[in-house]
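Data first, discussion second: the structure below is written as structure tokens.
Worth saying up front: this structure is predicted, and the values here are computed from it rather than measured.
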Amino acid sequence: NNGGDGLVAARHLVMFGYDCTVVYPKRSKHSHFINLIQQCEDVGIPIFDSMPSLLENEYQVIVDAIFGFSFKGQPREPFASALQDIIHTQQNDNNKRGVTVIAVDVPSGWNVDDGDVANMGFMPHVLVS
């Protein structure tokens with residue numbers, strides 16, 4: 001339920017005065033997620049289907065709430081591209097502003113017991129659980 005955690009976090013951050021954008025590449029048909037998206041839209045959070053370009057120029061923080069503890073295997077599309085965009089932004093040598101990446105529970109794409117078994121090179125700055 002990391003995606004739900006990310007949606008709730010975005011809504012709370014907006015309530016505390018932060019600007020947020022949500023990237024939700026594959027929308028769930030479950031009413032719980034439909035309601036969470038509606039709550040985000042109700043407070044003016046833009047919801048994108050894909051990662052915005054030039055992440056390092058537009059955002060100071062990226063919250064990774066894609067996959068959680070139960071993730072197994074390799075990330076598949078459309079999530080693999082989103083993770084690659086986050087990794088690229090984080091590793092971009094021209095990233096002078098220092099975008100901070102925060103992961104919820106476990107970095108997306110990692111096996112909770114064995115770490116980055118897919119060798120994606122994703123290493124968030126902060127882990128929140």
Restricting to non-hydrogen atoms, name the atom on [X] and the atom on [Y] that form the minimum distance, rounded to 0.1 Å.
| X | Y | value |
| --- | --- | --- |
| A80 | P75 | CB-O, 3.6 Å |
| G4 | F33 | N-CE2, 3.4 Å |
| L83 | S108 | CD2-CB, 3.6 Å |
| P46 | C20 | CD-O, 3.3 Å |
| F69 | S129 | CZ-OG, 4.3 Å |
| G6 | A65 | CA-CB, 3.6 Å |

Evaluate the side chain to side chain contact (heavy atoms under 4.5 Å, CB included) criterion for residues V106 and F71: first the C-alpha distance (whole Å), next the side-chain angles of each, then the deciding distance (0.1 Å), finally the verdict. CA-CA 9 Å; V106 64; F71 179 79; over 6 Å; no
Within this structure, what is the [atom1]-[atom2] distance for the pair [X] and [Y], rounded to the nearest 0.5 Å?
| X | Y | atom1 | atom2 | result |
| --- | --- | --- | --- | --- |
| M123 | I87 | CE | CD1 | 10.5 Å |
| M120 | Q84 | CE | CD | 4.5 Å |
| L7 | Q38 | CG | CD | 12.0 Å |
| D105 | S70 | CG | OG | 10.0 Å |

Side chains of [X] and [Y]: does their closest heavy-atom pair fall under 4.5 Å?
| X | Y | result |
| --- | --- | --- |
| I86 | V101 | yes |
| P124 | P107 | yes |
| Y59 | P52 | yes |
| L36 | V8 | yes |

Treat each ILVMFWY residue as a node, draw an edge where side-chain heavy atoms are under 4.5 Å apart, and state whether [X] and [Y] are in one component.
| X | Y | value |
| --- | --- | --- |
| I62 | I102 | no |
| V61 | V128 | yes |
| V63 | V126 | yes |

Which residues pass the side chain to side chain contact (heavy atoms under 4.5 Å, CB included) test with [X], not counting sequence neighbours?
| X | value |
| --- | --- |
| N111 | D113, D114, V117 |
| N119 | none |
| I47 | V22, Y24, R27, I37, C40, E41, I45 |

Do any pairs count as a ring pair (Phe, Tyr, Trp, His ring centres under 6.0 Å) and have a residue in residues 108-129, sequence neighbours left out, and if so which ones? none
Strictly by side-chain hydrogen bond (donor to acceptor under 3.5 Å, both in side chains), give each pair with a member in residues 2-19 just once, sequence neighbours left out. R11-Q39
Holding to ring-ring contact (aromatic ring centres under 6.0 Å, His included), I want the full list of residues that pass it with F79, two or more places apart in sequence or in another chain. F67
